[in-house]
Structure formats: structure tokens, C-alpha cells
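Proteins get letters first, then strands, A, B, ... in listed order; numbering begins at 1 in each. Since the model is a prediction, treat every value here as computed from it, not as a measurement.
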Amino acid sequence: MTVLANEQVEQGRGWRSGALVERRELTQWFFRISSMSEELLAALDGLENWPAKVRLMQENWIGKSRGLQFSFERTDGGDPISVYTTRPDTLMGASFIGISPDHPVAKALEAENAQVAAFVAECRKGATTEEAIETAPKLGLDTGIRVRHPLDPEWELPVWIANFILMDYGTGAIFGCPAHDQRDLDFCRKYDLPVIDTFLALDNPRPVATEAFVPPKTEPVRWLDHFAGLNVATGQEAIDATIDYAEAHGWGEGVTKYRLRDWGLSRQRYWGCPIPVVHCDACGVVPERKENLPIRLPDDVSFDKPGNPLDRHPTWRDCACPKCGAPARRETDTMDTFVDSSWYFARFTAPRAQTPTVMEEAGYWMNVDQYIGGIEHAILHLLYSRFFARAMHATGHLPEKCKEPFDALFTQGMVTHEIYVTRDERDRPVYHLPEHVEWHESGARLGATGESVEVIPSAKMSKSKKNVVDPVNIISAYGADTARWFVLSDSPPERDVEWTAAGAEATHKHLARVWSLCERIAGMDANAAGEGDDELLRETHKAVHEVTMGIESFGFNVAIAKLYAFTNTLARSKAGGAAQGQAMRTLAQLMSPMTPHLAEDIWHRLGGEGLVATAPWPVADETMLTDDTVTLPIQINGKRRAEISVPRDMGKAEVEKSVLAVDAVQRALNGAAPRKVIVVPGRIVNVVM
RNA sequence: GCGGGCGUGAUGGAAUGGUAGACAUAUCAGACUUAAAAUCUGAAGGGGAUGUCCCCGUGUGGGUUCGAGUCCCACCGCCCGCACCA
């Protein structure tokens, strides 16, 4: 048997072998991350330097909800079926009970009923992703079991097994209310179950037909025959009233649930840390002794057969029970590699220590000041790490202050590239590196064999698809400075970017221009004054300000744009050698994060002291950043029609007077008085007529 | 399907609710040159008028506002995640 990952399952078959895939239950190891659901949710508020979108995604992932849990009595006297619902207010619209194919009731039936067994087997084909489950066609099977409605013992409801109900969430059973849930409605229309409205819109009270009526919970609606006596109320008010009613009458209770599931970390694979647990016939499952940790993987394994090599290794499994010393067997499941990525940063604070961490070192180096990763890690990796840090604190491996390990988070975009594929003799995909592909008039071909290549649209670079590019070509052709500047200059780092090397040459030319500018300035009299020295000084301070702001806000492309602009300003300046030398040295400093080598050369050439790398970062003088006069655009009815130059500190009334005197404004007004004049000091004027 | 994003010239992109297209690439024109390359200068969102003016324009359709690329609603397209890719 081989265990496949979700992504290796295609249409119910293994992606390589084509063998039919079935889902089986395994006994596995879990981390109880769900015990920290509330803590992980509440602490999101404190992560001020994380992107709001990531916090929101984690909040939704944890998925705190309040709802009603109650049971339906079976008419056959079997165990009641417990359901959890966030919309108990729609209970009068129930038309069936749905249970997961993995629900205990379904399992009991499976053993004795061939039809149920076949249906459940059908549901268990294919991948287990939430996406696969939710997008699959809705399938159901009436179990024949009937339950009583809690508010009306005469009202019997059928129990259906449905493939879209997840065993992992709530109780694995729901009541279906087709009038107010689209999935339930689709299901009821398909299987001809009744649709009962429980509330109608105030403005357009029509019964539900093909589209479920699901207004926001804050919108008031009119209730039909609500048991708790509601007439017009919002969904939220109705939910609260229903929970109170159920609790008062003793047939249900309000509960808070989280969508977050425990973290299944077992992998039936070789590449992962062994789970340090021993199975003993006498003592059961026993943790390995601390002094025997870490358990190492054996080196002598083979991958020539399917399945987990640890399972068939001749001796690795054999060990002594840590408790009684009798011969025992090691656990052969290994850990999810997410386990490693959840605490590597803490290990880095004491990489050679014999213990996992050293409190003192962790206390000194942690937390991570600025964490950078792709948005694809927004949920799993970042949530697991937050959980792990708390767990490591609880077990004495990290100090209290490390519970949130990443002070600031920046989510960089992905670098994408086209994917190049050929097919082998069994029609399986074979991927090729972009550097091995040549473009001809007839399309893309392999450089080596001339074989025609299929081109798949851009996707994030990944080793498995081989759509990766090594910057070494740019570096060897133009040098590291050019490569760094080029990579940083084009796109904002948080955005996805299609990789292209076009433009690297132009970058190289620009850097060459900067160097010849430096040479020209080096030839000037370093003490001479010139025309516009003050102006250049002012521009220098502005450049310092803007470039610094750009770098600090991760706007590297904008910072580089300002460097281009400042370079152009300097190249055109008629200022003297003193001012130009000063400006050029400052330019070198501002460029140094992107082009460290060139920056040092310029610095040295123009008599800078020591190294740019060790010189203090330039600081802009606030008073140099503003000009004495400003140019204000003049809008008439919101459209730009003219502009006016006024002293920076001119009062609103005076600005208004000057604006009304402008020809274009006079012409537009045509003798009439404006209805309103809006003056935003230093920015804009809008004349409304 | 659910959750989160993104959409601006030929291209990458800029723009605290305040002059849309900064800066750059590619392109075109000019200078230099016997010529080309390199270099330098300039043009350039679309359309009309052709020297200072007008109309249109940030995926589509509505809305809020004196003013919307930016905020709100609906839709379209693309991307990320959906717990065993990591």
C-alpha cells in the first residue's frame, strides 16, 4: 500500500500509477492545536505589524462560531442524533437531517446494508480536500431512519447521508433548511424534499424558489410562525432568541465552536523526523526516553518498493520499551515537515546546542523582527508557528515573550514563469527548465533534441514544475549590482511578478551612466561653488527622504524610481564641484543597499571616509523638504483647468481670491459667482459652479 | 464551493480621497558618424483642434463625494489558500 497526498490524486486515481484510490482511516498522531483556538484568535489583535489580510484569513480559518447543539430523537429508538447549527432560528424550515458518510450512524448502517455500503464507498473515492468535497456534485441517500422534530413530536424528518457534510466540523450531522441555505436547497430540489420558508424579506416577501434567501444576519426580516414569538427581527436576534428558548426549555444548549481542527502530523513517508514513540505489547504506547532523542532515520533504506521504507527496514523498528525494557517496536510514522518549519527560527538562536533551544539565547535573539514569506503561508505555516511557540513556551523551551514569534510580517508576491512540458511514452508529464527551451517560429522546442514543447501559462516557480530561473546568467553577464538593482526595480515586492530578464541590460547601462557621472564630478574642483548649489542641496535632501521612506516601507521599486530621478537631476545640475560631490556621495549611500560594490567605488573615488557600508545613513533635514512656493492645480467642477503658483503659507482666503482672478476661472464663471470654492492648502483648489 | 487578494498606456509599474500614467522598458524621431553600434537630445494614453483648447480614459455597471484608480454595492477575469505539496 502507498499513501498518497491529496495533490497526487487525480479523478480518483493515483497521478503516476493510475491505480484506483480509496480513503482509509489510519491511527495517527495529532497536535492539539484546537486547545489554543481562542488564544490564537484573541492574540491576532496584538499583531499590529502583520498585514490585515493575513490576520483576517487566520480569523476565518479558526472560525469561531456560536450556535445551538441539540439532538433529534429517532423513531426507531436508536441513539439520538446530535446536531450543531449556527442558524437554529431556521429550525421550523428543517426538511431533512444530513449526516456525514463518516458519521457513526452511517458506519453502523454500512456494516449491515449493502446499498449504504456502496454509497459510502462512492463518497470516499477521490481526494479529501475541502475543495473537492464542496465542489463535488451533491449526493445523498435516504437511510430510512426517521427522527422527531424537537418542537413537534408529530413531525418526522428523514435522515440522509450526504457527501457534502464534513465529519470534522460540528457533530458531523446537520439539519437541512433549504429555504435559507443554497446547498440544502440544491439537495432538496434534487431529491424532491420539501422547502419551507421560515422568514421573508420585508420589502419583497416572496417564497423561495430556485435561490435560497440568505440575507445578512443584521438585516431585519419577517418571521413566519416563530416558536419564540418573533415577528420582525434580524437573523442575529432570532439566533439569540432561539438559543435562549432552547436552553429555557431544556432541549438544547448554546455552544461556541471553532472550525480549526487538530493538526494531523503523521506521515507514512521516510523524509521526516521520526515520531519518538514506542509500541510495547505490555505497556502500550510509550514515549521514547529524552536521552535517546533525537531518533534518527536509518541511512540504509530503499525506495524500490511502494510504501514506507521504515516499515520494511529489517532492524530499525526494533528497540527496547523505555518503560519495561522488553523488546518493542518504534513508531514508523514520521512528522509533517511543517513541524520543522514551525520552530527553525528558534533553533537558529542556538544552532549548536545539545538541547533544542537555550532559553538565554532565545531570550536575547528572539523575536523575529521582520518575517518575510509568501502569502501562500498566510494560514498553515504562520498559524502552526504561532501554536508551536506557545507550546514551546509551555514546555520550557522558549521564554514568555516569544509566544508570538514574528513581530512584523511582510508577504512577498510570488515569482511566476511559464511551464514547459513534454510527455513520456506513457503520456506522463516531463518538465523542462526554461534555459533548456528555445523559441522558434513553430513554437517552443527543446534545445537539445528539437522536440516540440507544450507551454503552460505562468504559475509560481516550483522545483517540481522546473519553471525556475537561476539569476546566475545575469550575474555573470552584468555583475551582482546589476542583478540586485534589476530584481528590485520593477515590481513592488508584495505583488506577483512574471519573471523576465528583459531590462537587465538597460539596468547595466544605467549603472554605467552613474559611474561616468561620478567620473565627471571627480574631475571638478571640489571646492568650487556654482549655479543652483542651494537647489541641488534641496533636491539631495528630498532624495534622502523619499528613498529612505521607500526602503522602510518595502517600496524598493519606488525607492529606485526616486534614485533614477535624482540621478537625472544631478546629471543636469550646473552646481559647483562641492555641491555635486556632496550630492554624488549621498547618491552612492542611497544606492548602496541595491548596488553595494558600485556604491563603495563611487564613495572611494569622491573621497568618502571609510566604507559606505559603515558610514551613517544620511538624514534629511526637514526644513529642506518643502519649497517656498507651491503650484496648486485649479479644478472647475472637479476637472483640472488651470494651475496657480502661490507662496506655501498663503491663507485660504487669499488663495481663493488669487484663484478667482485667474483667466481660465474668469472665463468659466462667465461673470457668475461660484457656488463654492474648496481650498485644500498645499494641494488643490476646486471651484464649484 | 468557501476564505483572502489583484485588475491602471505596447510592457513593468507610480499616485496620504486632491494635476492619473512618476520612474523605467520597448518604440519612434533628431544629433554625432562615411555607416552602424555606443552615447546624447526629444516625442509619446486614445481621439479631435493643430502653440496655450476640447472630449474620452484606471476590468464592467451602478452609488457616495465639491472631487474616486483609491470608499460602497453588483458583476466579469486572474491569482493565493482550503488542513497529506511544503
Salt-bridge contact K138(A)-D186(A) (side-chain N to carboxylate O under 4.0 Å):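 Looking at K138(A) and D186(A), the cut-off is not met.
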Sequence-distant partners of H508(A), ring-ring contact (aromatic ring centres under 6.0 Å, His included), two or more places apart: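 Counting only residues at least two positions away or on another chain, H508(A) forms a ring-ring contact (aromatic ring centres under 6.0 Å, His included) with Y478(A).
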So, does the side chain of E131(A) form a donor-acceptor pair with the base of C82(B) at under 3.5 Å?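 By the distance-only test, yes, there is a pair.
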With a 3.5 Å cut-off and just heavy-atom distances, do the side chain of Q182(A) and the base of C2(B) make a donor-acceptor pair?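 Answer is no: no donor-acceptor pair is held.
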Which residues satisfy the salt bridge (charged side-chain N to carboxylate O under 4.0 Å, His left out) test with E134(A), sequence neighbours excluded?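 So E134(A) forms a salt bridge (charged side-chain N to carboxylate O under 4.0 Å, His left out) with R183(A).
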How would you list, by chain and number, every residue that makes a salt bridge (charged side-chain N to carboxylate O under 4.0 Å, His left out) with E38(A), sequence neighbours excluded?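 Once residues adjacent in sequence are excluded, the partners of E38(A) under the salt bridge (charged side-chain N to carboxylate O under 4.0 Å, His left out) criterion are K64(A).
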Any idea if G9(B) is syn or anti, going by the 90°-from-0 cut?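 Base orientation relative to the sugar is syn.
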At under 4.0 Å, does any side-chain N or O of R55(A) touch on OP1 or OP2 of G4(B)?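 So the side chain of R55(A) is outside the cut-off, no N or O lying under 4.0 Å from OP1 or OP2 of G4(B).
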With a 4.0 Å cutoff (strictly under), does any side-chain N or O of R267(A) reach OP1 or OP2 of C84(B)?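 So the side-chain polar atoms of R267(A) do come within 4.0 Å of the phosphate oxygens OP1 or OP2 of C84(B), strictly under.
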With heavy atoms under 4.0 Å as the rule, sort Q58(A) into base, sugar-phosphate or nothing.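 No contact at all - Q58(A) keeps every heavy atom at 4.0 Å or more from the nucleic acid.
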Touch class at under 4.0 angstrom, heavy-atom based, for W61(A) against every strand present: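 Base, at least one base atom sits under 4.0 Å.
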Say you pick atom P in G57(B) and the same atom in A24(B); how far apart are they, in whole Å?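 Here G57(B) and A24(B) have their P atoms 29 Å from each other.
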Protein heavy-atom contacts under 4.0 Å, written 5' to 3' over nucleotides 9-24 of chain B as B (base), S (sugar-phosphate only) or - (none), form the string ---SSS-B-BB--BSS
Who passes side chain to side chain donor-acceptor pair (under 3.5 Å) against T128(A), sequence neighbours left out?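 Here the qualifying residues are N6(A).
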Just to verify, what does R520(A) make a side chain to side chain donor-acceptor pair (under 3.5 Å) with, not counting sequence neighbours?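 Expected list: Q580(A).
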